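Just below is one structure, and these are the notes that go with it.
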Amino acid sequence: MDNRKIRINVDSEIGNLEAVLLHPPGAEVENMTPRNVQRALYSDILNLSIAQQEYAQLHGVLSRVSEVFLMDDLLVRVLENREARTGLLQRICVSEDVTGYYDMLLDMPSARLAKVLIEGLPARIDTLTAFLKNEYYALYPLYNFYFTRDAAVTMGNSALICRMANKVRMRESYIMDAIYRSSGVFDCKVIDANDFQPHNSPVMMEGGDILVAREDILLLGNGCRTSSQGIDFMIERLRRDRDKGKFHIIVQQLPSEPESFIHLDMVFTFLDRDKCMIFEPLILGDNQYQTVHITVEDGKVTRISPVSDILTALRRLGIDLEPVICGGSDEWDQEREQWHSGANCFAFAPGKVISYARNVHTLECLDRKGFEIIPASDVISGKADVSGEKPCVVTIAGSELPRGGGGARCMTMPLSRKKILW
């Protein structure tokens, strides 16, 4: 890795991807048992070897179209900086009540410590308290870390470090904060939502609920992972940072159940300048979940009003999207394929997206809308060229990865995109 810095620059969901941050699933996934699967926020236990094969397709495709940075490498760079290592370990040890391990962690070689912080640290059973606690790990494995989308958000030239809804994932945010501030790789402003928040603060947000529609439009999900207080926090920071001009926030309320609805990007993602993927019953159906349009002008909130749906709100702001229906026309297929992240597409360029191959009815809908279906293996081998004008969907295998509860957008953290001309 050279010494140049990547300037964070993300003003859309579809601009040509220039750089992306990934974390291939590793031993942390294998360190899960039926006993802790609920704590891990998974719906099932993953077969690591198959999950890694599937993830290699995502990694391979993205390596063809953009520069790829790996979380593990960046974390090692952070830990090589003594001051950054000390600060990160202090945050982790205090928040996870493992201060007794601090000195041992501080003295570990950087590569070893990086693995421990991700894969977990077995507990020492050398006190009565530790024995009665009956916990195998002092530091739990970061089972969800391959979903790099959630712990931080890139918006414009800033990185927002998220305050996660579940304490088991807070270490992910601390690592992301350290990477953006101290790896020496990124040029950006860092906003940490964890700063000055009490332990029981209702402020929480995760990246799956935050979509950058345009440089002046944010789409936000309000549900079990992103609270109204978390949205108010984001608006307050945006209001202060953008004290001139007008910008818009469109908020979509989400159900707390089923668990496949945890984030907005599980029911709505952008495909192109004029197309989006939706789970129709929630986005366009008649239901109890509100859509709210908030307008900020010259640093002040000037209007908060209900709208019928996201598409109507965006149309009024000059983005006219044709919906592609996740799962097709059959309600049964819609529910099944939404559950397996059929709506969770990731655009690496306008009209060029990555999705799971298993969601055949969703792919049929994309095909009817003019998207060429291309297996990931053809892109990786060079057999297929995705640089042309024709819209396409690159399909990756998805028998194991979706068990963690996410798709291609969940597994990617864009760092830089080319500007979109609307």
Side-chain angles (χ1 to χ4, degrees), residues 7-15 152-163 187-197 201-223 225-254 263-265 267-270 273-274 276 278 283-284 289-321 350 414 416-422:
R7 180 163 172 76
I8 297 300
N9 186 27
V10 177
D11 286 323
S12 77
E13 292 286 318
I14 60 172
V153 180
T154 47
M155 298 184 292
N157 306 122
S158 297
L160 168 67
I161 309 303
C162 294
R163 182 173 170 82
D187 174 15
C188 63
K189 178 179 181 179
V190 181
I191 303 164
D192 190 348
N194 298 285
D195 285 348
F196 306 111
Q197 297 294 337
S201 171
V203 170
M204 59 185 190
M205 76 285 292
E206 295 185 2
D209 278 322
I210 304 170
L211 281 68
V212 182
R214 200 171 64 193
E215 60 184 11
D216 62 334
I217 305 173
L218 277 183
L219 302 188
L220 304 177
N222 170 214
R225 300 293 184 90
T226 299
S227 63
S228 60
Q229 294 90 344
I231 291 173
D232 287 337
F233 172 91
M234 287 186 274
I235 293 173
E236 175 63 20
R237 293 306 300 248
L238 286 167
R239 188 182 65 76
R240 276 192 263 156
D241 293 345
R242 304 184 188 184
D243 58 357
K244 300 296 181 186
K246 180 187 290 190
F247 68 92
H248 305 269
I249 298 95
I250 300 168
V251 178
Q252 176 62 54
Q253 286 189 321
L254 300 171
H263 291 137
L264 178 59
D265 66 7
V267 294
F268 182 99
T269 47
F270 285 84
R273 291 180 180 86
D274 61 353
C276 61
I278 70 167
I283 299 301
L284 293 180
Y289 302 102
Q290 291 190 75
T291 309
V292 180
H293 183 179
I294 302 170
T295 303
V296 179
E297 296 184 71
D298 298 331
K300 296 180 180 179
V301 175
T302 57
R303 184 177 175 84
I304 303 177
S305 58
V307 288
S308 58
D309 55 74
I310 292 174
L311 298 186
T312 298
L314 288 173
R315 193 176 302 117
R316 290 172 181 172
L317 298 174
I319 300 179
D320 194 359
L321 300 176
S416 179
R417 289 182 181 271
K418 289 185 179 178
K419 191 174 183 63
I420 283 287
L421 298 177
W422 295 96

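In this text the structure is predicted, and so the values were computed from the model without any measurement.
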Tell me whether [X] contacts the main-chain N or O of [Y] through its side chain, where contact means a donor paired with an acceptor under 3.5 Å.
X      : Y      : answer
Arg273 : Leu421 : yes
Gln253 : Gln290 : yes
Thr295 : Thr302 : no
Arg214 : Ile319 : no

Please name the pair of heavy atoms, one in [X] and one in [Y], separated by the smallest distance, quoted to 0.1 Å.
X      : Y      : result
Val10  : Ser416 : CG2-N, 4.1 Å
Leu254 : Gly221 : CD1-CA, 4.1 Å
Gly156 : Asp11  : CA-OD1, 3.4 Å
Asp192 : Phe233 : O-CZ, 4.5 Å
Cys162 : Asn194 : O-ND2, 3.2 Å
Ala213 : Leu314 : CB-CD2, 4.3 Å

Give the C-alpha distance, both sets of side-chain angles, the deciding distance and a yes or no for side-chain contact (heavy atoms from CB on, under 4.5 Å) between Phe268 and Leu311. CA-CA 10 Å; Phe268 182 99; Leu311 298 186; 3.8 Å; yes
For the [atom1] atom of [X] and the [atom2] atom of [Y], what is their distance to the nearest 0.5 Å?
X      : Y      : atom1 : atom2 : answer
Arg316 : His248 : CZ    : NE2   : 12.0 Å
Phe247 : Glu215 : CZ    : CD    : 12.5 Å
Ser227 : Met205 : OG    : CE    : 7.0 Å
Leu317 : Trp422 : CG    : CH2   : 11.5 Å
Leu238 : Ile294 : CG    : CD1   : 11.0 Å
Arg303 : His293 : CZ    : NE2   : 8.5 Å

Would you indicate whether the side-chain heavy atoms of [Y] and [X] approach each other to under 4.5 Å?
X      : Y      : result
Thr291 : Ile250 : yes
Met204 : Arg225 : no
Met234 : Val153 : no
Lys189 : Asp241 : yes
Ile310 : Ile278 : no

Checking Glu206 against Thr226: is there a side-chain donor and acceptor pair closer than 3.5 Å?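 Absent: no donor and acceptor within the cut-off.
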Option passing side chain to side chain contact (heavy atoms under 4.5 Å, CB included) with Asn222 (candidates Asp209, Val251, Leu264):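 Considering Asp209, Val251, Leu264, a side chain to side chain contact (heavy atoms under 4.5 Å, CB included) with Asn222 is found only for Val251.
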Test Gln252 against Leu219 for side-chain contact (heavy atoms from CB on, under 4.5 Å), laying out the working first. CA-CA 8 Å; Gln252 176 62 54; Leu219 302 188; over 6 Å; no
Mind running side-chain contact (heavy atoms from CB on, under 4.5 Å) on Phe270 and Leu321 for me, showing each step along the way? CA-CA 9 Å; Phe270 285 84; Leu321 300 176; 3.6 Å; yes
Does Asp216 form a side-chain contact (heavy atoms from CB on, under 4.5 Å) with Lys246? I'd like the steps, not just the answer. CA-CA 7 Å; Asp216 62 334; Lys246 180 187 290 190; over 6 Å; no
